[in-house]
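Any value given below was found using the heavy atoms of this structure, including those in side chains, with hydrogens, waters and symmetry copies removed. Numbers restart at 1 for each chain; the letters A, B, ... are given by sequence-line order, proteins then strands.
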Number of protein chains: 2
Amino acid sequence: MSTNKAGDDMHSNHVGEFLKDNGIKPSYQRIKIYEYLMGSMTHPTVDTIYNALCDQIPTLSKTTVYNTLKVFIDKGIAMAITIDDNEVRYDTRTDVHGHFKCEKCNEIYDFKANIELEDEDVLRGFEITKQQLFFYGVCKHCSEAK
Amino acid sequence: MSTNKAGDDMHSNHVGEFLKDNGIKPSYQRIKIYEYLMGSMTHPTVDTIYNALCDQIPTLSKTTVYNTLKVFIDKGIAMAITIDDNEVRYDTRTDVHGHFKCEKCNEIYDFKANIELEDEDVLRGFEITKQQLFFYGVCKHCSEAK
DNA sequence: TCTCAATTTGTAATGATTACAAACCAATCA
DNA sequence: TGATTGGTTTGTAATCATTACAAATTGAGA
Ligand SMILES: [Mn+2]
Ligand SMILES: [Mn+2]
Ligand SMILES: [Zn+2]
Ligand SMILES: [Zn+2]
């Protein structure tokens, strides 16, 4: 339906503009990958992203997903979340926030936390460029399911 | 010199007792690995541990280092630090504390921090079993070296 | 249309970790 | 003492996410 088409295009244009504003040439693949990543609340892995987009972009290569995510990170519009030890997850939320991983359902939850140094002296003079806060355990949903 | 020998033995016995107290049969390899890990402030990797002990234990296998560290972690006397994306580091400090990684010299620094949830509701009912707090940047030493 | 640089793609290499089975060891028992 | 046995150690092979690399494709300008 043409309304949907138009809506998609507007959205894609919007994402394209956003990429351009951040110094990234908005190729079809990059737009689709950014759209997917932004729309997903699951902090997907490369494999998840690749499999999700295979249908829309039959020629897509996994290397492109890796390359594109690296570009996003370099330009500061995405973040790598190394909360798993076997594969990296990605996030378009770039503000400082924590991640909780449920060891039962493997879901990742966002949360906001305030971190204050106990011994102010230890890191005095250190330049902090990145933070990661990871909690692990069992989420409420899995707890209640017993 | 016999005093040194005696000292070493006492120390090893001490570590052996500690392992036994934590339900771990104190084999030669396990004692040496725990001693090294405890004595090192660098949060060493499997490779570092393996190379450091090769001289003392010529038959040592890297698999043993992996196995042993897994036992330590299972029994709660060591911790895996996944602050690097390509290899895991290990720590005998099991109290909750943060780690700063200098991207220049790759050194890992310990620090204590207080974490308070901003939006208390988000993780209400969640069971938290493990926390990891990682800071990345440039340490004071590297900053001053310019 | 031609050119050129950037992007994409497929394949091969890398390297940390795990799987697995054989060898070894240390304690117990006949 | 010698056999048994279960846990520990060891070496090798497999796994698998990520990276390296070079060829193919694209697309904007001349
Ligand atoms: Mn997030
Ligand atoms: Mn530490
Ligand atoms: Zn859950
Ligand atoms: Zn440094």
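Looking at heavy-atom distances under 4.0 Å, T63(B) makes contact with a base. Note on T45(B): nothing from the nucleic acid sits closer than 4.0 angstrom, heavy atoms only. Residue contacts shown for N67(B) include a base, since a base heavy atom lies under 4.0 Å away.
Of the residues near DNA chain D, L60(B) and D47(A), the one whose nearest nucleotide (by heavy atom distance) lies more toward the 5' end is L60(B). Nearer the 5' end of DNA chain C, as judged by each residue's closest nucleotide, is the contact made by K70(B), out of K25(B) and K70(B).
The nucleotide whose nearest atom lies closest to any side-chain atom of Y66(A) is, among dT18(D), dT9(D), dT9(C), dT18(D). Listed nucleotides: dG11(D), dT8(C), dT9(D). Nearest to the side chain of Q29(B): dT9(D). Closest to the side chain of V46(A), from the set dT8(D), dT18(D), dA16(C), is dT18(D). When each of dT8(C), dT17(C), dG11(D) is scored by its nearest atom to the side-chain atoms of V88(B), the top-ranked nucleotide is dT17(C).
The distance between atom CZ of R89(B) and atom P of dT17(C), rounded to the nearest whole Å, is 11 Å. Atom CD1 of I31(B) is separated from atom P of dT9(D) by 10 Å (rounded to the nearest Å). In this structure, I24(A) atom CD1 and dA6(C) atom P are separated by 15 Å, rounded to whole Å. One atom, CG of L53(B), and another, C1' of dT9(D), lie 14 Å apart when rounded to the nearest Å. Straight-line distance from the OH atom of Y50(A) to the P atom of dT8(C): 15 Å, rounded to whole Å. Here dT26(D) presents its P atom at 14 Å from CD1 of I57(A), a figure rounded to the nearest Å. Atom-to-atom, CZ of R30(B) to C1' of dT9(D) comes out at 9 Å; the value is rounded to the nearest Å. We find that NZ of K62(B) is positioned 20 Å from C1' of dT8(D), with the value rounded to whole Å.
The minimum heavy-atom distance linking Q132(B) with A80(B) is given by the pair NE2-O, 3.3 Å.
With Y136(A) as the aromatic partner, K101(A) does not meet the cation-pi criteria of under 6.0 angstrom to the ring centre and within 45 degrees of the ring axis.
A close approach under 4.0 Å does not occur between any side-chain nitrogen or oxygen of S27(A) and OP1 or OP2 of dG27(D). OP1 and OP2 of dT8(C) both lie 4.0 Å or more from every side-chain N or O belonging to S61(A).
Under the 30°/60° scheme for interplanar angles, the aromatic rings of F18(B) and Y34(B) are found to be tilted. The aromatic rings of F134(B) and F134(A) stand perpendicular to each other, their planes meeting at an angle above 60°, with 30° marking the opposite boundary.
Through direct or relayed side-chain contacts under 4.5 Å between Ile, Leu, Val, Met, Phe, Trp and Tyr, F126(B) connects to F100(A), Y109(A), F111(A), I115(A), L117(A), V122(A), L123(A), F126(A), I128(A), L133(A), F135(A), F100(B), Y109(B), F111(B), I115(B), L117(B), V122(B), L123(B), I128(B), L133(B), F135(B).
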